[in-house]
Amino acid sequence: MNNGKLVVFSAPSGSGKTTIVKHLLKQEELNLEFSISATSRVKRGEEIEGQDYYFLDIEEFKDKIRTDAFLEWEEVYRDNFYGTLKSEVERIWANGKHVIFDIDVSGGLRIKRKFPDKTLAVFVRPPSIDELKIRLKKRKTEDEHKINMRIAKASAELATAPLFDVVIENDELEKALEESYLTVSNFLNSNGEAGER
Ligand code: 5GP
């Protein structure tokens, strides 16, 4: 569709943005489809190729950087590359849907800069760094070293919150889900530069 919009959710790892994005995807009337990122990190237990991510090895990933296949890409953690393929956004728009992203803070801001009028950039703020650490430990998807890497990055990421269109506090999940729904729904139904759906 010509008037497809972009909804970006960015936040430090463990803030709950993935839960929020999954909730929004279930609301059919929003007409959203998830932007599947490419990554060079190893697949976690439950993840599915082509559903959670397109898993590439580092060489494949770098090839795609060279051929300018990415809308944005980032070495989010050392040797762990993540990026949004241009073909992914085109695929979703061709499907007649709006695109929703679950990406890191720099990637989110880059998309906002590329499509300022079509993009709603949302920052999800966790209650505190201590709480973030507790959540990451509970999740048990990363070892202690990786958790510490993520925490160190989180402090810098929190400082970027004012650059986003909206900041949603996630201290109480139900409230954060409702606020996210209302914010996204208003944006998608507004007559901004991108025009009416
Ligand atoms: P995880 O390894 O937990 O799946 O993701 C690590 C971080 O990379 C998260 O903050 C996630 O949002 C971010 N990320 C996932 N996909 C992309 C992408 O396409 N671009 C960028 N810049 N970050 C991404």
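Keep in mind that this is a model prediction, so the values were computed, not measured. Indexing begins at 1, ligand by ligand and atom by atom, following the structure's order.
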Numbering as shown, the atoms of ligand 1 that approach [X] to under 4.0 Å (heavy-atom distance):
X: Arg44; value: 1 (P), 2 (O), 3 (O), 4 (O)
X: Gly107; value: 22 (N)
X: Arg41; value: 1 (P), 2 (O), 4 (O)
X: Glu74; value: 22 (N)
X: Ser37; value: 16 (N), 17 (C), 18 (C), 19 (O)
X: Tyr53; value: 1 (P), 4 (O), 5 (O), 15 (C), 16 (N)

Task: Residue part near ligand 1, for Arg110, under 4.0 Å between non-hydrogen atoms - done: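 Answer for Arg110: neither.
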Open item on the list: Heavy atoms only, cut-off 4.0 Å: how does Asp102 contact ligand 1, side chain, backbone, both, or neither?
Closed with: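 Looking at Asp102 and ligand 1, atoms from backbone and side chain both fall under 4.0 Å.
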So with a 6.0 Å cut-off around [atom1] of [X], is the heavy-atom count from everything else above 12?
X: Lys86; atom1: NZ; result: yes
X: Glu46; atom1: CD; result: no
X: Glu47; atom1: CD; result: yes

Give me the nearest non-hydrogen protein atom to [atom] as residue plus atom name, then the distance to 0.1 Å.
atom: atom 10 (O) of ligand 1; result: Lys17 NZ, 3.3 Å
atom: atom 6 (C) of ligand 1; result: Tyr82 OH, 3.5 Å
atom: atom 7 (C) of ligand 1; result: Val76 CG1, 3.9 Å

[X]/[Y] ion pair, N-O < 4.0 Å:
X: Lys137; Y: Glu142; value: no
X: Lys114; Y: Glu72; value: no
X: Arg66; Y: Asp63; value: yes

So, regarding [X] and ligand 1 (criterion: nitrogen or oxygen to nitrogen or oxygen, under 3.5 Å), is there a contact or not?
X: Gly83; value: yes
X: Asp104; value: yes
X: Glu47; value: no
X: Arg150; value: yes
X: Glu72; value: yes

Task: Check: Asn80 side chain, Val76 main-chain N or O, donor-acceptor pair, under 3.5 Å - done: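 Here the side-chain-to-backbone pair does not exist.
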TODO: Answer yes if the ring centres of Phe61 and Phe70 are under 6.0 angstrom apart, and no otherwise.
DONE: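 Yes - the distance between ring centres of Phe61 and Phe70 falls below the 6.0 Å cut-off.
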Open item on the list: Would you say that His98 contacts Leu188 through its side chain, given a criterion of any heavy-atom pair below 4.5 Å between the two side chains?
Closed with: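 A side-chain contact exists here, since the closest heavy-atom pair is under 4.5 Å.
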- [ ] Under the ring pair (Phe, Tyr, Trp, His ring centres under 6.0 Å) rule, collect the residues that match up with Phe55, sequence neighbours excluded.
- [x]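 Phe55: ring pair (Phe, Tyr, Trp, His ring centres under 6.0 Å) contacts with Tyr53.
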